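Every chain is numbered from 1 and lettered A, B, ... according to where its sequence line falls, protein lines coming before strand lines. None of these values were measured; they are calculated from a predicted model. Worth knowing before you read on, the calculation uses all heavy atoms, side chains too, and leaves out hydrogens, waters and symmetry mates.
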Number of protein chains: 2
Amino acid sequence: MARTRDPAVRSLLLDRAAQMLRAREPVTLRTLVAGTGVSTMAVYTYFGSMDGLWKALRQEGFTRLATKLAAVSMSADPVRDLAALGAAYLSNALENPDLYRVMFDAGFELEDADAADEALHGLVRAVERAKTAGRFRDDVVPLELATQSWAIGHGLASLVATGPLPHQALAHAVPMLTALFISAGDDPSRCRRSVGHGWEQTPPAGVRLS
Amino acid sequence: MARTRDPAVRSLLLDRAAQMLRAREPVTLRTLVAGTGVSTMAVYTYFGSMDGLWKALRQEGFTRLATKLAAVSMSADPVRDLAALGAAYLSNALENPDLYRVMFDAGFELEDADAADEALHGLVRAVERAKTAGRFRDDVVPLELATQSWAIGHGLASLVATGPLPHQALAHAVPMLTALFISAGDDPSRCRRSVGHGWEQTPPAGVRLS
DNA sequence: CCTGAAAGCATAGCGATGCTATGTATTCTG
DNA sequence: CAGAATACATAGCATCGCTATGCTTTCAGG
């Protein structure tokens, strides 16, 4: 009844946009399609508008993040897992700093919030396991501690991705998360070991601990 | 020798830009000067380019932040002062969320880094006083702890200013800073009191503790 | 098998963008 | 009190995101 839409074109445009972002090239409607063989109208067929492209790019960023977080294997030590998730979060932000910036720029909307919530759920479940295991106090609210861990990760990732802090600053996550988990009731020396092991599972490239 | 440049025009344009930002109106060259009586060329006389205007707007944001931080009166309790500085930081971000976003968007540059460093110095000095007062361990590196405090503040401020978290989330700063300062060696119950008092000095409007 | 309709998508052109070239007005300097 | 340098208004440029138009492709119904 009609010409079929080619999903490969959609991926092509998204990948090219991400690549141009990484190369610090301005991503405009015309520069995006230049050299791809497709015309500017393709962007409107697949994304509706240029804004739709950015939205899709944010979704792509959240998808990559979710994949990265899902790749973290859970262990019998939930505190270790929390640190490993934090390390994976920072690794992802360091590997795709431009995508990370797009994810949290002014255009954040409802669908993005859903994607963010989904990524947060892994943290919440790890906190719950830590409570069950007796590592955290009973009065710890999982969602709150998960949100606080997220704020630490995002604070560091954002300051590094936007420029004010050097990559090395991501290492601050280790003492900061340790402090947070100890305040949640974990035994200090045991916590330090757990966080250290978790961090080593997916440490951001080129960031070594002091 | 030449027609004199009127500083009032510069302020007018900056204020108007900040106001349009708050009102969620698009800030473009033509909409910015519309109704002001000045022409588009004025923007190039005072800021060199539209990018220069954004840079000046970032500086304005850092200046407001520095003013807000400078207004925090230091006390005999350096940990209280650290919390008060954190509260002032978050108050500023909550009052000017759009300006805060502009401050830390992709255009961050060297001069901005200087302005940020200057604002951080107050934190560093407070950490040093806390060490002198015996509240923090000797092995605490002031710049590192100050940076970590900043990361907490920025993480929360950024997540609130860009949308993912509600204003209430700023209250997380209290337990997070408390955990950080305790990990630096402060006595737990004393730390909780100090942070509580510091927070009350400049609490972000409409954010109450749980 | 056609054939008609619906969707993909290339071309061209719209208003609005940031910016610059040019001319005029203004004001401090020697 | 001239002369020159600076401020700034006007107009026009390339490029931006977007849309109107029409050609092309592909599948459904007879």
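B:Ser39 comes within 4.0 angstrom of a nucleotide base, judged by non-hydrogen atoms across all strands.
In this structure, the CG atom of A:Asp6 is 14 Å from the C1' atom of C:dA7, given to the nearest Å. As rounded to whole Å, 17 Å separates atom C1' of D:dT19 from atom CG of A:Asp51. Atoms OH (B:Tyr46) and C1' (D:dT6) sit 11 Å apart, rounded to a whole Å. The distance from atom CG of A:Leu13 to atom P of D:dG17 is 13 Å, rounded to the nearest whole Å. Atom-to-atom, CZ of A:Arg10 to C1' of C:dC9 comes out at 17 Å; the value is rounded to the nearest Å.
Counting heavy atoms of neighbouring residues, nucleotides and ligands inside a 6.0 Å radius, atom CZ of B:Arg125 does not exceed 12 of them. Around CD of B:Glu95, the count of heavy atoms belonging to other residues, nucleotides or ligands within 6.0 Å exceeds 12.
In this structure, CD1 on B:Ile182 lies 7.0 Å from OG on A:Ser183, to the nearest 0.5 angstrom.
Residue B:Tyr44 places none of its side-chain N or O atoms closer than 4.0 Å to OP1 or OP2 of C:dT20.
In this pair, A:His154 and B:His154 present their aromatic rings parallel. The plane angle is below 30°, not in the 30 to 60° band.
Partners of B:Thr45 by side-chain contact (heavy atoms from CB on, under 4.5 Å), not counting sequence neighbours, listed by chain and number: B:Arg5.
Taking a cutoff of 4.0 Å between a charged side-chain nitrogen and a carboxylate oxygen, B:Asp105 and A:Arg101 do not qualify as a salt bridge.
DNA chain C lies under 4.0 Å from at least one heavy atom of each of the following residues of residues 25-38 of chain A: A:Arg30, A:Gly37, A:Val38.
Between B:Thr40 and A:Gly48, the residue anchored closer to the 5' end of DNA chain D is B:Thr40, taking for each the nucleotide with the nearest heavy atom.
Minimum atom distance to the side chain of A:Met41 is reached by C:dC9, of the listed C:dC19, C:dT27, C:dC9.
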